There are 2 protein chains.
Amino acid sequence: MGSKSTAKRADALRSIDAIVQAAAECLGRNPEASLSEIARAAGVGRVTLYAHFASRAEVVDAAMSRAIDRGNEALDAVDLTGDPLVALARYIEVGWHLVDQARALLAAAQRELPAGRIRELHSGPAARVEGIIARGRAEQVFRTDLPIAWLVNVLHSVMHSAADEIRAGRLTSGRAADHITATVLAAFTPPGKPVPEPGAGE
Amino acid sequence: MGSKSTAKRADALRSIDAIVQAAAECLGRNPEASLSEIARAAGVGRVTLYAHFASRAEVVDAAMSRAIDRGNEALDAVDLTGDPLVALARYIEVGWHLVDQARALLAAAQRELPAGRIRELHSGPAARVEGIIARGRAEQVFRTDLPIAWLVNVLHSVMHSAADEIRAGRLTSGRAADHITATVLAAFTPPGKPVPEPGAGE
DNA sequence: CATAACTCATACAGGTGTGTTCAGGTTAGA
DNA sequence: TCTAACCTGAACACACCTGTATGAGTTATG
C-alpha cells in the first residue's frame, strides 16, 4: 500500500525486528516493562525505538501481533478436521501452550490496546474454534443450548485458568492439557447425553 | 492485639471508612486509580489518607478485605446444604454478581498484594465451594477424576469469563447465571454419566 | 473547657515514565 | 565513493505518583 515513499534499509528492518522480539520477551515477563527496558533488551538506543514506533501502544501492538502470528502458524500445522472431539483435543494440546506463553503479553495488550483491537487480533484462532464447535453441533456431540461465542470463551477461559494454576504450583504442565480437555469436553456435552470417557482420546 | 495504646476517635473511624469505601469504588472503576484520586473521592485530604494507611498496598488490602467480607455476608444468607446441584446453582446465582462487581478491584489487588495474601482473602468463599463439590462427589453426581482445587478454579474462571462477556456486550446480565450454571454443571459431571438437564434446577 | 487527636492545604523530595530535540558518528546501497 | 538513511548518547520538558514534613485550624471527648 504505502511502501512507495522510501524502502526501509536493511539495518532499520533488523532494528525493528529486534525491538519487537525484545518487547515480546520483556512484556512476557512483566506487562509493565518500560520502553527503556525493551530498547536495552533489544540492544538499541531508546531513541532508535522512537524512530520506528510512535508510542508505547504501537510497540505492544506489534509484539502482540507477532505472538498471534506465531500462534496461527503453529495451529496451521495441526489437523483440525474429522471428529470434533479429537480436533478439540488437538487444538487444546497446542493452544494451551500458546496461551500460557503469551499470558503476560496479553495482560499488557489489554491495558494498552482498545478492546476491539484485542478481539480483532484473536479473530484467527477464534475462527478455528468456532469451526470445530459448529461441526460438533451438527454431529450432535456438542450442545446447542448455549451461544457459540460463549463456548469459545469458556474454552479460552479454562486454558487461562490452567496457566494460573501452573504458576501457583497446583498443577504440572504435563497434566494441563488433560485437565483442560476433560473439563471442556464435559462442558460442551449436550444436556441429557453422557460425558465422553477420557479413554477415547488416547 | 495492639488496641491498648489509644482508642481511635469517632471522626477518625469515619474518615477511614470513607477512604476504604472510596477505594473500593475507584479501584472498581480503574485498578490504577491513584491515592490522590481515592482521597478526593472520599472527601478527605491526601495527607489524611497517609495518616491512616502507610502505603498504597494497605489501602488496596483494606478495600479488598471489605469486598470479601461483604461477599461472605451475602453468601451466609444462602442455603448451600442439600442437593449439591441445587447448592451449586444457588452459589452461582449470588457469587457471580459478587465476582462481577469486584472484578477491577481484584485486578488492583493482584498487582499490589502478594499472591499468598490474595488466596488467603479468598479462603472463605473457596471453602464453601469445596464443601459443595466434596458433597457432590460423595453422592456421585460430580466427577472425581480431577482435583477439587482445579474444579474450584474452573468455576471461578467461568464466572470471570461471564463478566468479561457482559462488558463486551455479548451477554446480558439476566442470562449470565443460567449460562454459568449450565456450563459448570456439565463440566462437573463424571465421565460416562449424562449431564443434568437445565429443567431440573428450576 | 481544655487538651489531645484529628484534618487540611501547601510544599518539598525523589522516583519513573513518555516523548522530543540535537549534534555527531556509522552504515547501507546506488 | 558519496549521500541519505540510520543509530547513538545526552539532555530536556512534562506529567504523574509516592511519601514526608510543617504549621495552623478544627473537633471529639474526658
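Here the structure is a predicted model, which means the values were calculated and not measured.
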- In whole angstrom, give the distance that lies between atom OH of Y50(B) and atom C1' of dC8(C). 16 Å
- Tell me which residues in residues 11-22 of chain A put a heavy atom below 4.0 Å from DNA chain D, sorted by number, or none. D11(A), A12(A), S15(A)
- Base, sugar-phosphate, or nothing: which does R56(B) touch, judged by heavy atoms less than 4.0 Å apart? sugar-phosphate
- Task: Could you verify whether a donor N or O on one side chain and an acceptor N or O on the other, from S65(B) and D61(B), lie under 3.5 Å apart?
- Result: yes
- Figure out the NE2/P separation between H52(B) and dA5(C), and round it to whole Å. 13 Å
- Item | First and last nucleotide of DNA chain D, 5' to 3', lying under 4.0 Å from heavy atoms of chain A | dA4(D) to dA11(D)
- Query: Within this structure, what is the CD-to-C1' distance between E112(A) and dG19(C), rounded to whole angstrom?
  - Reply: 14 Å
- Side-chain N or O of R9(B) less than 4.0 angstrom from OP1 or OP2 on dC6(C)? no
- Do we see a donor-acceptor contact under 3.5 Å between the side chains of W150(A) and T183(B)? yes
- Message: Just the rounded figure in Å: distance from P of dG17(C) to CG of L27(A).
- Response: 13 Å
- Task: Would you please test R9(A) and L13(A) for side chain to side chain contact (heavy atoms under 4.5 Å, CB included) and show each step?
- Result: CA-CA 6 Å; R9(A) 247 171 55 177; L13(A) 293 175; over 6 Å; no
- Task: Select from L35(A) and V47(A) the residue whose nearest nucleotide in DNA chain C is closer to the 5' end of that strand.
- Result: L35(A)
- So, are R128(A) and D76(A) salt-bridged, with charged N and O less than 4.0 Å apart? yes
- What's the closest nucleotide to the R46(B) side chain, out of dA11(C), dC8(C), dG19(C)? dA11(C)
- Message: Tell me whether R117(A) at atom CZ has more than 12 heavy atoms from other residues, nucleotides or ligands lying less than 6.0 Å away.
- Response: yes
- Task: Check whether the side chains of S157(A) and S157(B) place a donor and an acceptor atom closer than 3.5 Å, and report yes or no.
- Result: yes
- Message: Here's a test for you: under side-chain contact (heavy atoms from CB on, under 4.5 Å), which of L88(B), V152(B), T144(B) qualifies with I133(B)?
- Response: V152(B)
- Query: Counting any heavy atom closer than 4.0 Å, what does S34(B) reach on the DNA or RNA strands: base, sugar-phosphate only, or nothing?
  - Reply: sugar-phosphate
- Sorted by chain and number, sequence neighbours left out, salt bridge (Lys or Arg N to Asp or Glu O under 4.0 Å) with E32(A) holds for R111(A)
- Nearest listed nucleotide, side chain of K8(B), among dC6(C), dT7(C), dT18(C): dC6(C)
- Query: What pair of heavy atoms forms the shortest contact from R56(B) to A33(B), and how long is it?
  - Reply: NH1-O, 2.9 Å
